[in-house]
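Single-structure report; data block below.
The shown structure was predicted, so the numbers you read here are calculated from the model rather than taken from an experiment.
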Amino acid sequence: MKNRKTRLAGLLGASLLLAACGTSGTNSSAPPGAQGFTPPKLEALKALGQPEGQLNVLAWPGYAENGSNDPKVNWVTPFEQQTGCKVNVKPFGTSDEAVTLMKTGQYDVVSASGDASLRLVASGDVEPVNTALVPNYADVQPFLKDKSWNSVGGVSYGIPHGWGANLLTWRTDKVTPAPASWSVMFDANSPYKGKVIAYDSPIYIADAALYLQAHQPDLGIKNPYALDDKQFTAAVNLLKQQRPLVSEYWSDYLKESQALKNGDAVVGTAWQVTVNLTKGEGAPLESAVPSEGATGWSDTWMVAAKSAHKTCAYKWLDYIVSPKVNAQVAEYFGEAPANTKACAEMTDKTLCDTYHASDSTYASKIAYWTTPIPQCLDGRTDVKCKDYGEWTKAWTEIKG
């Protein structure tokens, strides 16, 4: 867990601005995955060949460890020994960086978050995945498959890897009673003014939208990543109202942990790994998914359309979501594994319970990060929604 993700930076690529997509929930007769946009015509690999001897991996820090950060943390070397595919790992710090690097054509696979995956699909930088060539895909949690951030029109564009929620966390010695709603962070009259810590990213606008979806139903918000002018303005105004409450915006989970430990912040948005770390160091901290639900992430391994090492790429996809390796990554990184059999391989036998790894009801409460685009993700065609470029500009105004 050396460098937890700093996600979602930069603007949408022009190609995605032309794309439209919606979720399967908007039309029960539609195939699963993102709807309404036609990606470049690319075909999935039909059969594996001889391993090409090399694999260039683009990954979030902690996803492709080779022992260089910690000699005891190494699942790359066993893969190389098993397959003969020499792995070159390039870590990236933001989704925008990952998208830019994939355009160079130098990488074979990428661990893409939901804010990057559709950009990569729409630009033709990744291709559909033949899940039949990934035997361990059969054991991936069903609630992670065929989703709007990893599939288009029922076609899979990657293999789910790990996921988690953006939780409400609080100091139990400072915040009473235990909060059950995000209102403790959004209500202008919150008693914790100046002690709130919030996530530093334009995508945090979705957290405000999710709150408004529950508390102002007249706005008609159905998807916190699909906001028309009125809905977007309401979410931005809520965050501007919240601004005086916020002591700090965080992107580094270690810095948030420190703020919670020393009392500079007493309530905020956090990842489970932050909560575990902070509690483990003695701070009286608890967390929950509030009544309104929560945003979160679900990451996907995707294959580059220009990859010259596709057999090695597929072997990596199958290996990285195999039970033992998926367990290793989940424990090191701090998230729920995708493979249903990974929990049995955990060193920490409580981890899957802590991260709700097999809890589809818990997972259904999460509004997973998805790239906002002009064509509304909730399926509406009579309005135009705000794209990520607009979210980025608004975030600058919110923070002042």
Side-chain angles (χ1 to χ4, degrees), residues 8 11-13 15-39 95 113-119 121-122 143-155 157 163 165-166 182 201-239 289-298 300 360 363-392 394-395:
L8 293 154
L11 307 181
L12 276 170
S15 59
L16 190 53
L17 296 178
L18 303 175
C21 71
T23 63
S24 57
T26 61
N27 183 349
S28 60
S29 65
Q35 312 301 331
F37 89 85
T38 304
S95 286
S113 295
D115 56 293
S117 52
L118 289 187
R119 283 190 270 176
V121 170
F143 57 77
L144 299 176
K145 296 178 177 179
D146 301 318
K147 298 301 179 182
S148 60
W149 57 88
N150 59 30
S151 302
V152 180
V155 177
Y157 275 81
W163 60 280
N166 299 316
W182 289 109
S201 169
I203 209 66
Y204 185 58
I205 294 171
D207 290 61
L210 191 69
Y211 180 79
L212 291 172
Q213 184 175 335
H215 293 273
Q216 292 188 31
D218 56 303
L219 287 170
I221 297 173
K222 298 289 190 289
N223 181 323
Y225 306 99
L227 305 176
D228 60 29
D229 284 342
K230 181 180 178 181
Q231 296 164 342
F232 186 75
T233 298
V236 169
N237 286 342
L238 179 60
L239 289 169
V289 172
S291 59
E292 300 90 354
T295 60
W297 76 90
S298 177
T300 305
S360 60
S364 70
K365 297 177 183 178
I366 302 173
Y368 296 99
W369 283 340
T370 307
T371 311
I373 58 176
Q375 296 83 0
C376 296
L377 289 161
D378 58 8
R380 287 178 294 168
T381 57
D382 57 335
V383 293
K384 189 175 181 181
C385 282
K386 295 291 189 178
D387 66 38
Y388 195 66
E390 297 285 348
W391 286 48
T392 302
W395 185 242

Could you check if a side-chain atom of [X] sits within less than 4.5 angstrom of a side-chain atom of [Y], using non-hydrogen atoms only?
{"X": "D382", "Y": "C376", "value": "no"}
{"X": "S95", "Y": "R119", "value": "yes"}
{"X": "D146", "Y": "S151", "value": "yes"}
{"X": "I373", "Y": "Y388", "value": "no"}

Applying side-chain hydrogen bond (donor to acceptor under 3.5 Å, both in side chains), which residue pairs with at least one partner in residues 205-215 are found, sequence neighbours left out?
-> D207-T295, H215-E292
Over all atoms of both residues, closest heavy-atom pair of [X] and [Y]:
{"X": "V121", "Y": "P39", "answer": "CG1-CB, 3.7 Å"}
{"X": "L377", "Y": "P372", "answer": "CD1-CA, 4.2 Å"}
{"X": "D387", "Y": "P374", "answer": "CB-CD, 3.7 Å"}
{"X": "A209", "Y": "I221", "answer": "O-CD1, 3.8 Å"}
{"X": "L118", "Y": "S148", "answer": "CD2-O, 3.4 Å"}

About how many Å separate [atom2] of [Y] and [atom1] of [X], when rounded to the nearest 0.5 Å?
{"X": "S360", "Y": "K365", "atom1": "OG", "atom2": "NZ", "result": "11.0 Å"}
{"X": "Y225", "Y": "N223", "atom1": "OH", "atom2": "CG", "result": "8.0 Å"}
{"X": "T300", "Y": "K147", "atom1": "OG1", "atom2": "NZ", "result": "12.0 Å"}
{"X": "W182", "Y": "L212", "atom1": "CH2", "atom2": "CG", "result": "13.5 Å"}

Going by the angle between their ring planes, with limits at 30° and 60°, are W297 and W369 parallel, tilted or perpendicular?
-> tilted
Check whether the side chains of S298 and W149 place a donor and an acceptor atom closer than 3.5 Å, and report yes or no.
-> yes
Applying ring pair (Phe, Tyr, Trp, His ring centres under 6.0 Å), name anything that partners Y157, two or more places apart in sequence or on another chain.
-> none
Enumerate donor-acceptor pairs with a distance under 3.5 Å from any side-chain N or O in residues 226-233 to protein atoms, sequence neighbours excluded.
residue, atom, partner, partner atom, Å
D228, OD1, K230, N, 3.2
D228, OD1, Q231, N, 2.9
D228, OD2, R380, NH1, 2.8
D229, OD1, K386, NZ, 3.1
Q231, OE1, D228, N, 3.0
Q231, OE1, R380, NH2, 3.0
Q231, NE2, L219, O, 3.0
Q231, NE2, G220, O, 3.2
T233, OG1, D229, O, 2.8

Please answer whether the main-chain N or O of D115 pairs with a side-chain N or O of S113 as donor and acceptor at a distance below 3.5 Å.
-> no
